[in-house]
Asks: 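The structure follows.
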Amino acid sequence: MADSSKPRVVVIGLDGATWTLLNPLLAQNKLPTLGTLIQNGSRAVLRSCIQPSSEQAWSAFATGKQNGKFGLYGFYQRAKNSYALEYINASQRRAATLWRILSDRQKKCIVVNVPLTYPVEPVCGALVSGLMTPGLHSQFTYPPELKKELLRELGEYIIDVDIERGESDVSSLGDLAERVQRMSELQTRAFEYLLEKNPDWDFAMLVHRAPDILCHKFWRYQDPTHPLYNAREAQQWGNVISDAFQYLDALNARILERVSDENTTIIVLSDHGFGALTHAVYLNLYFAQRGILAYRQQQANPIASALRAGVTRLNNPVVGAVKQKMFEAFPHLKSNLHYSMAYGNIDWSRTQAYAIGTMGNVYLNVRGREPNGIVEMQDYEATRDRVISAMRELCNPETNQPIFDFVYRREEIYNGDALDKAPDVVGLIDGPYHIAAVDWRGADGTKSVVEKLGSQLLFVSDTSGQHRMDGILIASGAGIVPNASDATHRTMTQSPNLIDLAPTILQLLGEPIPDDMDGRVVSGLLADKWTVEYAAATTFENRMDGEYSEAEEKEIEERLAGLGYLG
Ligand SMILES: [Zn+2]
């Protein structure tokens with residue numbers, strides 16, 4: 001070891017972990033590693049960013065900034081001033097990551113499986129990219145030769161687990177749970193290998209994706225209040241999520257055994273929490289009912305309707321095959337597919353606003369900005385107010401409770417160079433709803449805006465968990481005040497936010513904090529022996545190679561569809 005007295009920080013991400021699932025396991029002493037960290041350190045509720053989705057949330061963590069500065073608003077987002085949708089990757093993030101800042105200061109970083117780190121960027125140390133990496137054939141490591149080395153060392157590697165869209169049958173559920181566990185084991189071994197190989201590391205981070213994947217797929221089996229719960233299935237699958245937290249706890253024990261010493265701070269966190277998903281919300285249909293959006297009379301897109309017919313009639317594994325046939329027959333379909341499915345039937349000449357994605361992002365259709373915009377600039381605020389009122393009035397008819405917890409004008413929550421790419425209106429859902437941009441229900445029959453999972457909802461019927469704003473934060477070891485949190489683990493640390501972690505980690509490493517970070521050092525969590533030091537903002541320079549190929553986009557799309565991230 002080069003210098004045994006230097007401060008070091010290790011971060012373990014539990015993507016999607018929530019206290020509501022962890023607390024009962026902690027109470028039964030089923031998570032000894034986390035339990036010990038909490039006992040010796042502090043814990044808090046960690047608020048996610050808006051929207052609380054993995055690609056944005058890990059970007060908020062990595063940059064210490066809100067979306068208006070890092071410039072991403074969804075897994076796929078609207079290309080600027082156009083209706084076209086594009087899948088994002090790390091090269092579109094417009095702000096420096098923690099590992100970029102540290103690398104530029106010659107601090108050694110080991111970064112494994114953080115979502116949205118592909119294409120890989122050069123770091124001082126090693127990086128293995130995570131979610132949104134097309135596949136094992138991609139150049140998913142820095143340095144490049146590390147890929148071969150890892151495959152040789154581990155025998156195999158899994159970046160992400162492919163999940164079929166549609167209703168999973170029982171045997172595929174078992175396979176899925178096993179494969180997720182295998183993935184966690186391999187990624188932990190990769191992390192251990194890199195720690196061993198780079199004993200002089202300063203910052204090391206591993207993200208376990210297992211909780212996110214499994215909570216999306218298995219929530220209904222462990223939640224007796226879920227509409228799709230049944231006791232027989234619960235017996236078989238009800239423990240999959242809690243088992244995963246336990247094997248991750250054992251994997252984390254292995255890591256911490258390796259890294260713990262008096263100079264090391266250990267941080268465990270999630271990028272967002274989780275809860276039940278019970279209803280799909282057809283927001284564009286609602287806009288149509290409110291006169292904000294208009295559909296064409298005729299089905300405008302034969303491909304979309306053929307695909308929809310195939311999806312409605314056929315079950316799960318066939319969906320991929322139907323799509324494949326479509327792509328072969330219409331080679332140019334691919335890049336427009338999602339657009340066609342979601343918006344092919346919208347009459348732009350009579351549409352003032354429309355929703356995109358699965359969470360509540362809404363764009364106005366502005367003349368001179370959108371290709372077929374109709375909202376005059378002088379009517380922008382009045383139209384936006386009307387859209388906001390409509391969204392605030394949208395309720396679940398079963399409970400009469402609002403669907404959106406908050407509805408914001410974009411400038412109320414975002415600021416920075418990328419504000420102009422942001423949705424004009426941002427609806428935040430912190431409850432059991434999923435916005436469905438694509439209406440898979442076909443043209444016939446009565447359609448309700450808010451529909452309970454089950455019956456006809458093939459595309460979301462096998463995801464039964466949804467993200468929540470409240471994630472977890474545990475900190476222990478060097479520089480951390482023990483018991484900084486009270487019983488509710490919220491008030492003492494003043495509800496830290498994801499964007500506070502990057503400045504907090506820089507502070508722990510004794511490094512100046514770029515003054516354009518939006519986050520602040522988490523108050524109350526750190527021993528007060530340091531004063532905070534700021535550095536001038538660094539100009540961001542993109543050192544990644546750009547875009548996905550068509551084949552890569554298709555891989556990404558299949559994977560996101562399996563998690564219910566495509567509307
Ligand atoms: Zn996540």
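Start at 1 and go down the list; that is how both ligands and their atoms are numbered.
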Asks: Give a yes/no answer: is there an N/O/S atom of His272 under 2.8 Å from the Zn ion (ligand 1)?
Replies: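 An N, O or S atom of His272 is closer than 2.8 Å to the Zn ion (ligand 1), so yes.
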
Asks: Looking only at N, O or S atoms, find the one in Asp271 nearest to the Zn ion (ligand 1) and name it.
Replies: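 When I compare the N, O and S atoms of Asp271, OD2 is nearest to the Zn ion (ligand 1).
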
Asks: In a table with atom names and distances, give each donor-acceptor pair under 3.5 Å that connects a side chain of residues 412-421 to protein atoms at least two apart or in another chain.
Replies:
{"from": "Glu412", "atom 1": "OE1", "to": "Arg409", "atom 2": "N", "distance (Å)": "2.5"}
{"from": "Tyr414", "atom 1": "OH", "to": "Ile50", "atom 2": "O", "distance (Å)": "2.8"}
{"from": "Asp420", "atom 1": "OD2", "to": "Lys80", "atom 2": "NZ", "distance (Å)": "3.0"}

Asks: Centroid-to-centroid, His216 to Phe274, below 6.0 Å?
Replies: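 Between Phe274 and His216, which both carry aromatic rings, the centre distance is below 6.0 Å.
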
Asks: Could you tell me which non-hydrogen atom of Ser464 sits nearest to which non-hydrogen atom of Arg220, and how far apart they are?
Replies: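 Closest heavy-atom pair between Ser464 and Arg220: OG-N, 2.9 Å.
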
Asks: Under the rule for ring pair (Phe, Tyr, Trp, His ring centres under 6.0 Å), what residues qualify as partners of Phe404, not counting sequence neighbours?
Replies: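 If we apply the ring pair (Phe, Tyr, Trp, His ring centres under 6.0 Å) test to Phe404, skipping adjacent residues, there are no hits.
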
Asks: Checking only N/O/S atoms, does Ser54 have one that is under 2.8 Å from the Zn ion (ligand 1)?
Replies: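 Ser54 does place an N, O or S atom closer than 2.8 Å to the Zn ion (ligand 1).
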
Asks: Give the atom name of whichever N/O/S atom in Asp15 sits closest to the Zn ion (ligand 1).
Replies: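 Per the distance ranking, Asp15 contributes OD1 as its closest N/O/S atom to the Zn ion (ligand 1).
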
